[in-house]
Amino acid sequence: MPDQLVVHNSLTRKKEVFKPIHEGTIGMYVCGPTVYSDVHLGNCRTFVSFDTIYRYLLHLGYSVRYVRNITDVGHLEGDADSDAEDKISKKARLEQLEPMEIVQKYMNGFHDMMRIFNTLPPNIEPRATGHIVEQIEMVQQILDNGLAYEKNGSVYFNTIKFAEQSDVYGQLSGKKLDDLMVETRDLKNQSEKNHPSDFAIWIKASPEHIMRWNSPWSVGFPGWHLECSAMSTKYLGNHFDIHGGGGDLKFPHHENEIAQNHGACNCSPANYWLHTNMLLMNGKKMSKSDGNSITPQQLFTGDSEHISKGYSPMMLRFFMLQSHYRSTLDLTDDALLAAEKGYRRLMDAHKALTAMTHPGQGSAGALDKEIQTLIAGVSSEMSDDFNCPKALAKIFELVTKVNGLKAGHLSFEEVTVETFEQIKATFQLYIFDIFGLADDAQAAGGDDGKMDGLMQLVIDMRATARTNKDWGTSDKIRDTLQALKIKLKDGKDGTEWTVE
RNA sequence: GGUUGGGUGGCCGAGCGGCUAGGCAGUGGUCUGCAAAACCUCGUACGGCGGUUCAAAUCCGCUCCCAACCUCCA
């Protein structure tokens with residue numbers, strides 16, 4: 001391992017040296033989506049961020065068990081003891097489908113999108129409905145430990161008692177129980193809960209509620225926060241390394257999750273809590289209700305009032321990588337346009353680099369040293385809380401060196417063969433294996449090189465015309481190709497082409 | 001109202017006590033039949049007011065804005 005890995009822990013609000021519980025292995029749990037509608041673009045940013053983190057941990061040589069759940073029950077709209085409805089149940093009722101049809105439909109869509117964004121699948125992707133038994137057991141444990149109480153078939157977590165026993169509750173979100181008491185005092189519905197900050201861990205199903213299971217307390221369903229506690233415990237143990245999720249889950253979801261784990265086994269679930277920040281659009285959080293929203297599909301096709309054209313998935317992944325996962329990222333058309341050019345510059349440089357070979361003679365001069373420093377910088381930035389934007393900046397500085405060597409402004413004599421090979425290896429490793437990008441202009445081919453052959457013919461014909469100073473013909477070829485979104489670049493050693 | 005995190009050049013976005021972030025756009029140049037690309041070059045900056053320090057975008061105080069969370073949200 002070249003550098004010491006440092007991560008920002010939301011629990012302590014500080015950067016800490018990362019030490020796994022068991023040498024060489026990491027357990028990581030990330031809260032997945034509730035599959036009641038199409039994937040939200042913000043989801044994509046979160047999962048792309050954790051995918052990059054996962055890829056980097058693998059690169060560092062850790063054996064990682066990455067668990068990301070699918071919420072297919074228990075996620076309510078509104079407060080549990082009022083007239084709230086389960087998101088999946090509601091959608092099933094509206095679309096007149098079985099709840100599991102809803103789940104399957106949107107889960108498939110979610111998986112498709114994860115594939116489109118080139119994320120690695122998690123090792124385990126557990127579903128809440130598949131772990132009702134574990135959740136019931138956990139409710140019982142919390143009851144046995146005296147930190148929950150039953151009311152009319154529903155079971156609530158006793159936050160007041162938990163807060164009296166330790167100062168854990170509120171640590172993650174910075175909230176104090178006193179504040180919670182004040183702000184929720186004006187509850188309209190007559191509450192079953194002893195205290196407004198208490199939350200349901202088992203909910204008795206109303207007659208019209210279709211998703212329901214038997215339990216010692218009632219025919220009902222588990223509370224939303226419970227599934228993550230039960231499933232992370234099942235697959236990663238009582239105490240594991242990393243828990244991640246979107247920043248908007250800190251409260252109440254993650255705070256309550258921590259409370260449940262303490263309630264069940266008196267232990268803290270994870271050592272390090274990592275939270276990704278929101279993806280904004282035009283300065284505001286995306287929201288379907290006020291129209292400030294765009295779907296991944298719309299972004300690909302360009303079919304939205306918010307953007308001037310479509311953008312490729314890989315370019316969007318690049319766009320996300322240009323900001324730190326803990327910062328908000330503002331999606332605007334201008335920013336996307338700028339990122340697209342940067343993405344092409346990176347991919348073109350990589351393509352050029354692949355085709356280049358070192359002439360064989362080279363000594364370690366100042367340029368060699370500079371390149372070595374940049375290469376070392378890439379991994380040290382990544383080890384500093386997965387600083388992708390900074391690592392990417394170093395790679396762009398390498399791009400300048402690569403282009404300089406290609407154009408002949410920089411000399412291979414000042415770079416050793418080993419160093420040159422290291423640039424190639426660094427590009428391959430970071431751009432593709434760790435950042436998870438792909439060159440979608442390249443991928444567009446897929447025709448057994450027919451396109452390459454055809455283009456070479458056209459380029460040769462244009463070269464002949466140019467030699468004969470037949471500018472009319474050569475410009476016609478270039479302009480016609482341009483109209484077909486094929487761009488020609490005349491360089492020192494001939495002409496290259498790219499698809500825009 | 002409470003909590004958490006922000007306000008950086010035309011735009012996006014790093015940095016978080018002294019050391020060029022980077023991308024896009026802009027300037028001037030090199031190369032090229034022209035253009036594009038590439039390379040070299042040059043600007044413009046840290047919300048405001050105080051304070052600490054030899055030194056502050058970075059620390060402290062006050063103040064003004066913004067966002068997220070506190071109800072479902074990645």
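Within every chain, numbering begins at 1; the chains are lettered A, B, ... in the order of the sequence lines, protein sequences first and strands thereafter.
The 5' end of RNA chain B is approached more closely, in terms of each residue's nearest nucleotide, by A:Ser323 than by the other of A:Trp471 and A:Ser323. Comparing A:Ala339 and A:Thr328 by the nucleotide of RNA chain B that holds the closest heavy atom to each, the one mapping nearer the 5' end is A:Thr328.
Aromatic pair A:Phe435/A:Tyr56: ring centres not closer than 6.0 Å.
Residue A:His253 contributes atom NE2, which lies 24 Å from atom P of B:U3 at whole-angstrom precision. Nucleotide B:C69 holds its P atom 14 Å from the NE2 atom of A:His254, rounded to whole Å. Remark: C1' of B:C24 and CZ of A:Phe319 are 12 Å apart, rounded to the nearest angstrom.
You'll find a donor-acceptor pair under 3.5 Å spanning the side chain of A:Arg478 and the base of B:A35, going by distance alone. You'll find a donor-acceptor pair under 3.5 Å spanning the side chain of A:Asp475 and the base of B:G33, going by distance alone. In the interface, the side chain of A:Arg344 is not paired with the base of B:C24 through any donor and acceptor atom under 3.5 Å apart. The base of B:A74 sits within donor-acceptor range of the side chain of A:His40, with an N or O pair under 3.5 Å.
Here A:Phe47 does not count as stacked on B:A74, because the ring centres are not under 5.5 angstrom apart with planes under 30°.
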Under a 3.5 Å cutoff on both atom distances, Watson-Crick or G-U, what's the dot-bracket for RNA chain B ([ ] crossing, | other strand)?
((((((((.[[[..)..(...]]].(.(((.......))).)....[[[[[..)....]]]]])))))))....
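Counting only N and O atoms by type, the side chains of A:Ser173 and A:Glu255 include a donor and acceptor under 3.5 Å apart. With no hydrogens or angles considered, a side-chain donor-acceptor pair links A:Asn69 and A:Glu227 at under 3.5 Å. Side-chain polar atoms of A:Thr400 and A:Asn403 form no donor-acceptor pair below 3.5 angstrom.
Partner of A:His225 under the side-chain hydrogen bond (donor to acceptor under 3.5 Å, both in side chains) criterion, chosen from A:His254, A:Gln260, A:His253, A:Glu257: A:His253.
Heavy atoms of A:Asp334 sit under 4.0 angstrom from primed sugar atoms or phosphate atoms, though from no base atom.
Using a 4.5 Å heavy-atom threshold, the side chains of A:Ile258 and A:Val168 count as touching.
Annotation: A:Glu413, atom CD; neighbour count of heavy atoms from other residues, nucleotides and ligands within 6.0 Å does not exceed 12.
Using a 90° window around 0 for the glycosidic torsion, B:G47 falls outside it and is classed as anti.
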